[in-house]
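Just so it is clear, the structure is predicted and the values come from calculations on it, not from any experiment. Just so you know, these numbers use all the heavy atoms, side chains as well, and skip hydrogens, waters and symmetry mates.
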Amino acid sequence: MTVERKIYGTGTLHDSKGKVLFTEIDCSISLPAEELGMIRVMAYRAPHLSFSGEAYRLTVSSENTTCEIEVLLVRGRSSQNDYQRYDLTFIANEMTTIEGISETDLPAQVEEIVYYLSPYHEISMCYINESKYTGQITHDFINADNLKFELPGLGVLQFEKRFSSKSIGAAFGTEEVIGFPAGRLMLNVPIRLSDNENLVEIIKREINPTIDYILSIIGFMNERRVLWHKFQVCINRSVYTYYRNTPDVATFIRGKGRETCIPQWEFSAFLKNAIERLSDSPYRYRMKVAFDTIARKNTSEVNISEEMYLSLFSAVEGLLLIYRRLARKECIVSGDQWKKIHHVLHEAIKNCPCTEKQKEAMTAKLAELNRYSLKEAWVQFTSNNSIDTDCLWPIFAVGKDKPGLSDIRNLLIHGENANFSSLYMYAQDHIQLLLERIICCLLYWPLERTNISNEKVKNCYIAVQQLPEILEQAKVKYEEIQNEIRGRK
């Protein structure tokens, strides 16, 4: 693991309107280990700065490097050497460094962008490392073609490792070579810059969303968050590096070694299939929400909670609502027919022995009568797509079979004292398995090529192996809660 790195220079601070607040102030920038986590910036012996909550722009210059940073003030204290001056501590939202010599007389264009990824070793990148007599170490990437992906309308993304050396024996001058995962994007059409265009803003706006989407798919495949923490481009003889604020390195190490949804040997095939299927899919946005929810759940410090259960259920619900719209299962009857029914019902309410406010409340609920329930959409979805749910906790249940997973969700949403804490770990496993199976179904990916097939989950998940006993416990708890609710009425 790399250690914290520091950059020193002199800084100029601007407020959000561009006004200069101070200049020629000594500054230091602390990049965290692995460059993941909070970037801290210090300004020494600076004028007093009030806590306003606004973001400032800080420019720090040192030799051949310029850093442009968006910062937030978090602390200010009197300087030890000058009590009329202050040592200010900032955190960086984002930072761009420019290293090298700018050649303004040459045409500026970008053909390649390198994204550096969070610690992640489930992409099987095979290298042969060879030491030369000269001391040079070469790295031969032997399965590069399997990790090259066409991004429609953008370019080709090549996953690879970027190597650097770390001293491990100062006394003997020994070093260790470390490979960091990266994605190199080769653009179909180079980005050509005019005088007034901001390169970083163009990349953030036009390219980063696609890269984020690809990493969300990978996060789902391996049930771990995968993010890029910086990207780098070369323009003529200058290197631009953009850093963004991310969780610290511990977040990405957490969950390492757990079972993945998609086996490692299916990585390339699954990702290529997903990119193709989702390029213009109506499910595209809701699928990303689902991918990120699963990845966040398994790398969260607290991954069993009401909030996480509701997030997983919401991801299922979001995909079902898209399906309901596409399957024309939103309204039960057509517009003209519903207008007639609505009129009859409205007239009946007007003649009810109720107050005007009660009549208005009932009239406002009439539209729901013409809307198919989520349960009906689920039944049709599973039937049309042959989704096997026999070994899983039912999402919808009736009568004495309650609670289904949706009943637990309803209790939580309505603020009941639904203390299912002893059952959350099992219920969350089931809602996640349902969500993962829905995703694979929408991507036309067979469960036999995953780790969530019936055979696999029956062998690996206690929540599935002991489902009958878990459901009996849940029925007792659910009945207790219902009795408590009835007792309050």
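- Remark: Met186 engages Glu112, Val156, Gln158, Arg184 in a side chain to side chain contact (heavy atoms under 4.5 Å, CB included) (not counting sequence neighbours).
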Steps toward side chain to side chain contact (heavy atoms under 4.5 Å, CB included) verdict (Tyr283, Tyr323)
CA-CA 8 Å; Tyr283 293 98; Tyr323 172 79; 3.4 Å; yes
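- Side-chain N or O atoms of Asn370 include one that pairs as donor or acceptor with a backbone N or O of Val333 at under 3.5 Å.
- A distance-only check finds no donor-acceptor pair linking the side chain of Trp228 to the backbone of Leu215 [under 3.5 Å].
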Stepwise side chain to side chain contact (heavy atoms under 4.5 Å, CB included) test for Arg437 and Leu447:
CA-CA 7 Å; Arg437 288 188 173 195; Leu447 292 184; 3.8 Å; yes
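- Contact detail for Glu223 and Glu436: the closest heavy-atom pair is OE2-OE2, 2.6 Å.
- Geometric assessment of Arg284 against the ring of Tyr213 yields a positive cation-pi assignment under the 6.0 Å and 45° thresholds.
- Distance SG/Cys331 to OH/Tyr372: 9.5 Å, rounded to 0.5 Å.
- For Asn273 (side chain) and Ala269 (main-chain N/O), no donor-acceptor pair under 3.5 Å exists by modelled atom type.
- Side-chain contact between Ile275 and Pro152 is present, with at least one heavy-atom pair separated by less than 4.5 Å.
- Gln232 pairs with exactly one of Tyr115, Tyr116, Tyr240 by the side-chain hydrogen bond (donor to acceptor under 3.5 Å, both in side chains) rule, that one being Tyr116.
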With salt bridge (charged side-chain N to carboxylate O under 4.0 Å, His left out) as the test, would you mind laying out the steps for Asp336 and Lys340 before giving the verdict?
CA-CA 7 Å; Asp336 291 340; Lys340 295 177 182 178; over 6 Å; no
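- Residue Leu326 places its CG atom among more than 12 non-hydrogen atoms of other residues, nucleotides or ligands, all under 6.0 Å distant.
- Residue Ile439 comes nearest to Ala290 through the heavy atom pair CD1-CB, 3.8 Å, listed as atom of the first residue, atom of the second, then distance.
- Of all heavy-atom pairs between Ala315 and Thr293, the closest is CB-OG1, 4.4 Å.
- The backbone N or O of Thr260 sits less than 3.5 Å from a side-chain atom of Asn451, completing a donor-acceptor pair.
- Separating the CZ atom in Arg244 from the CE atom in Met95 is a distance of 14.5 Å, to the nearest 0.5 Å.
- Within the 3.5 Å criterion, the main-chain N or O of Gly37 finds a donor-acceptor partner in the side chain of Thr246.
- Side-chain contact annotation: Ser268 with Asn146, donor-acceptor N/O pair under 3.5 Å absent.
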Test log, rule salt bridge (charged side-chain N to carboxylate O under 4.0 Å, His left out), inputs Arg449 and Glu266
CA-CA 8 Å; Arg449 296 175 66 181; Glu266 295 283 10; 2.8 Å; yes
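- Considering CG of Leu147 and CG of Leu271, their distance stands at 9.5 Å, rounded to 0.5 Å.
- Considering CD of Glu70 and OG of Ser16, their distance stands at 10.0 Å, rounded to 0.5 Å.
- Side-chain atoms of Asn245 come within 3.5 Å of backbone atoms of Ala92 as a donor-acceptor pair (strictly under, hydrogens ignored).
- Between Arg409 and the choices Asp407, Ile413, Leu412, the side-chain contact (heavy atoms from CB on, under 4.5 Å) rule is met once, by Ile413.
- Counting heavy atoms from C-beta outward, Leu405 and His430 have side chains that approach closer than 4.5 Å.
- Side-chain contact between Met287 and Leu319: present, with at least one pair of heavy atoms (C-beta onward) separated by less than 4.5 Å.
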Go through it in stages, so that I can follow the logic: the residues are Arg5 and Glu35, the test is side chain to side chain contact (heavy atoms under 4.5 Å, CB included), and I'd like the CA-CA distance, side-chain angles, deciding distance and then a yes or no.
CA-CA 8 Å; Arg5 181 166 69 92; Glu35 298 180 343; 3.3 Å; yes
Would you please test Ser453 and Glu448 for side-chain hydrogen bond (donor to acceptor under 3.5 Å, both in side chains) and show each step?
CA-CA 6 Å; Ser453 65; Glu448 293 74 22; over 6 Å; no
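- At distances below 3.5 Å, at least one donor-acceptor pair connects side-chain atoms of Asp388 with backbone N or O atoms of Asp390.
- Around CD of Glu347, the count of heavy atoms belonging to other residues, nucleotides or ligands within 6.0 Å exceeds 12.
- Listed by first then second residue, pairs satisfying salt bridge (charged side-chain N to carboxylate O under 4.0 Å, His left out) with a partner in residues 364-384 read Lys365-Glu368, not counting sequence neighbours.
- A heavy-atom distance below 4.5 Å is found between the side chains of Tyr243 and Thr97.
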For Trp445 and Ile262, what are the C-alpha separation, side-chain angles and deciding distance, and is it a side chain to side chain contact (heavy atoms under 4.5 Å, CB included)?
CA-CA 10 Å; Trp445 189 263; Ile262 305 299; 4.2 Å; yes
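- Counting all heavy atoms, side chain and backbone alike, Lys359 lies closest to Lys350 at NZ-O, 2.8 Å.
- Contact record, Cys261 with Pro263: O-CD, 3.9 Å, taken as the closest heavy-atom pair.
- For NZ of Lys339, the number of neighbouring non-hydrogen atoms (other residues, nucleotides, ligands) closer than 6.0 Å is 12 at most.
- Here the side chains of Ile39 and Ser30 are not in contact, with every heavy-atom distance at 4.5 Å or above.
- Glu94 is listed as a side-chain neighbour of Lys204, based on a closest heavy-atom distance under 4.5 Å.
- Classified by interplanar angle (parallel below 30°, tilted 30° to 60°, perpendicular above 60°), the ring pair Phe149/Phe267 is perpendicular.
- If you take CG on Asn198 and CD1 on Ile203, they are separated by 9.0 Å, rounding to the nearest 0.5 Å.
- Here the side chains of Leu36 and Asp248 are not in contact, with every heavy-atom distance at 4.5 Å or above.
- Between the side chains of Gln432 and Gln428, no donor-acceptor pair of N or O atoms lies under 3.5 Å.
- Within the 3.5 Å criterion, the main-chain N or O of Glu479 finds a donor-acceptor partner in the side chain of Asn483.
- For the atom pair CD1 of Ile211 and OG of Ser216, the computed distance is 11.5 Å after rounding to the nearest 0.5 Å.
- Ile202 meets the side chain to side chain contact (heavy atoms under 4.5 Å, CB included) test with Ile191, Leu193, Glu197, Arg205, Glu206; sequence neighbours excluded.
- Asn385 places no side-chain N or O within 3.5 Å of a backbone atom of Ile387 that could act as its donor or acceptor partner.
- Closest approach of Ser118 and Val226 over heavy atoms only: OG-CA, 3.6 Å.
- Looking at Ser406, its side chain does come within 3.5 Å of a backbone N or O of Ile395 through a donor-acceptor pair.
- Side-chain atoms of Leu185 and Leu151, non-hydrogen and from C-beta on, do get closer than 4.5 Å to each other.
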